[in-house]
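The structure under discussion appears below in the form of structure tokens.
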Amino acid sequence: MLAALLFGAALTVSGICAFKDDVVTKADSRKIDDKGRVTYYDRRGNKYINGEKVIDTWFYDKDHNFHAVKKGANTGTIYQDKYQDSLDRCNNASLENKRKAIEWGHLGYEKYIPRLDCYGFAEVSTDKIIACLFNVGNVYRKFYWDGTGNTQFHINDTAKGDYGIPITKEEYEGLYSSFGRLKASCWPSDKEVSHYYMYYDYKSEK
């Protein structure tokens, strides 16, 4: 009987100590994150956000991008998504690039493309990615990115059968000087179109 009482007392003391350690650990680790949420750790190293224990997990989105996330153990709420946080920063940078382009009178700006995980050359007036700026003689064309691929090496892919959009010399020069010379290719990627322009009568266009 005495042994049982002593064992029960020991458990009680141990529980009190654990509770005290938990309280101290949570208080010492408590902070406000960059989104204004209260975060802290318990004595076992478990992280809490807004009072809910979170677990580390992951998933792939529809574009096959890997998301490492912290998810609420009870509610399933996504509290932290490193990929999404990075994407938000890149999108905000793109918006700032466009704002500056408009302010400075540029026709293009650098825009982030999640699918390719890189920045492409976007047209201010349409926000479309220009893959190619073409000029031979008096012929000026712009080609939009075909929207395919999954690496930065596809940033200059033009659509099959796309012969480009005729533009003026002034528009070409405006786009070319606004990052176009750095980001856009000078020749369409489709072989049929490329062959067409290799034998095109450029003198026919005045």
Side-chain angles (χ1 to χ4, degrees), residues 57-69 78 81-206:
T57 185
W58 55 270
F59 67 91
Y60 285 94
D61 63 23
K62 61 182 179 62
D63 293 321
H64 308 293
N65 296 307
F66 178 78
H67 293 248
V69 303
I78 301 296
D81 184 334
K82 292 183 178 180
Y83 175 83
Q84 188 61 49
D85 290 344
S86 176
L87 179 59
D88 290 343
R89 287 192 294 270
C90 292
N91 286 337
N92 289 335
S94 297
L95 291 174
E96 179 62 14
N97 290 341
K98 182 179 181 180
R99 186 192 67 77
K100 289 181 178 178
I102 294 173
E103 180 183 336
W104 296 338
H106 293 171
L107 299 184
Y109 68 99
E110 288 187 293
K111 179 182 179 181
Y112 183 70
I113 308 171
R115 182 187 180 97
L116 305 183
D117 190 23
C118 69
Y119 283 85
F121 175 59
E123 193 174 35
V124 168
S125 60
T126 65
D127 287 323
K128 292 182 178 180
I129 300 298
I130 294 179
C132 171
L133 284 172
F134 178 83
N135 165 231
V136 175
N138 294 319
V139 176
Y140 300 91
R141 302 282 190 271
K142 63 182 177 183
F143 295 78
Y144 293 125
W145 172 53
D146 66 359
T148 65
N150 52 21
T151 72
Q152 61 181 333
F153 301 108
H154 296 278
I155 189 64
N156 299 122
D157 288 354
T158 56
K160 184 175 178 59
D162 179 11
Y163 288 82
I165 300 173
I167 57 177
T168 64
K169 178 181 179 181
E170 290 72 26
E171 182 178 357
Y172 172 87
E173 291 178 343
L175 290 169
Y176 185 82
S177 63
S178 304
F179 289 104
R181 66 186 185 279
L182 301 176
K183 295 290 185 179
S185 69
C186 62
W187 203 267
S189 63
D190 180 53
K191 291 182 178 180
E192 180 180 319
V193 175
S194 176
H195 185 270
Y196 170 83
Y197 279 114
M198 283 181 66
Y199 297 97
Y200 186 76
D201 182 9
Y202 298 106
K203 293 181 180 180
S204 66
E205 296 202 22
K206 303 294 185 179

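Taking 4.5 Å as the limit, some side-chain heavy atom of Asp127 sits within range of a side-chain heavy atom of Lys98. Taking 4.5 Å as the limit, every side-chain heavy atom of Ser86 sits out of range of all side-chain heavy atoms of Tyr112. Side-chain contact between Asp190 and Phe143 is absent, with no heavy atoms from C-beta onward closer than 4.5 Å.
Side-chain polar atoms of Glu123 and Tyr144 form a donor-acceptor pair below 3.5 angstrom.
Shortest non-hydrogen contact noted between Tyr163 and Gly161 is CD1-O, 3.1 Å. For the pair Ala101 and Tyr109, the tightest heavy-atom approach, listed with the atom from each and the gap, is CB-CB, 3.9 Å. Counting all heavy atoms, side chain and backbone alike, Gly108 lies closest to Phe121 at CA-CE1, 3.6 Å. Between Trp187 and Met198 the shortest heavy-atom distance is CZ2-CG, 3.7 Å. Counting all heavy atoms, side chain and backbone alike, Tyr197 lies closest to Pro188 at CD1-CG, 4.4 Å. Of all heavy-atom pairs spanning Ala131 and Ile155, the tightest one is CB-O, 3.7 Å.
Under a 3.5 Å cut-off, the side chain of Asp117 and the backbone N or O of Asn150 do not form any donor-acceptor pair. Formation of a donor-acceptor pair under 3.5 Å by the Thr57 side chain with backbone atoms of Val69 is not found in this model. A donor-acceptor pair is defined here as one N or O able to donate and one able to accept, closer than 3.5 Å; such a pair exists between the side chain of Trp145 and the backbone of His154.
Note: Asp146 CG to Ile129 CD1 = 12.0 Å, rounded to the nearest 0.5 Å. Considering CD1 of Ile130 and OG1 of Thr158, their distance stands at 13.0 Å, rounded to 0.5 Å. Distance CZ/Arg141 to CG/Asn135: 10.0 Å, rounded to 0.5 Å. Taking CG of Leu175 as the reference point, atom CG of Leu107 lies at 5.0 Å (rounded to 0.5 Å). Rounding to the nearest 0.5 angstrom, the gap separating the OG atom in Ser189 from the CG atom in Asp162 is 9.0 Å. Between atom CZ of residue Phe59 and atom CG of residue Asp81 there is a gap of 5.0 Å, rounded to the nearest 0.5 Å.
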Begin from the C-alpha positions of Tyr200 and Val139 and carry the test side-chain contact (heavy atoms from CB on, under 4.5 Å) through to its verdict.
CA-CA 10 Å; Tyr200 186 76; Val139 176; 3.7 Å; yes
Take Asp61 and Tyr83 through the test side-chain contact (heavy atoms from CB on, under 4.5 Å) and record every step on the way to the result.
CA-CA 10 Å; Asp61 63 23; Tyr83 175 83; 4.1 Å; yes
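A ring-ring contact (aromatic ring centres under 6.0 Å, His included) with Tyr140 is found for exactly one of Tyr172, Tyr176, Phe134, namely Tyr172.
Atom CZ of Phe179 sits in a sparse spot, with 12 or fewer heavy atoms from other residues, nucleotides or ligands closer than 6.0 Å. By the neighbour-count criterion of 12 heavy atoms within 6.0 Å, atom CZ of Phe66 is densely surrounded, having more than that number from other residues, nucleotides or ligands.
Salt bridge annotation for Glu96-Arg99: present, with a cationic side-chain nitrogen under 4.0 angstrom from a carboxylate oxygen.
Ring geometry for Trp104 versus His106: interplanar angle over 60°, hence perpendicular rather than tilted (30 to 60°).
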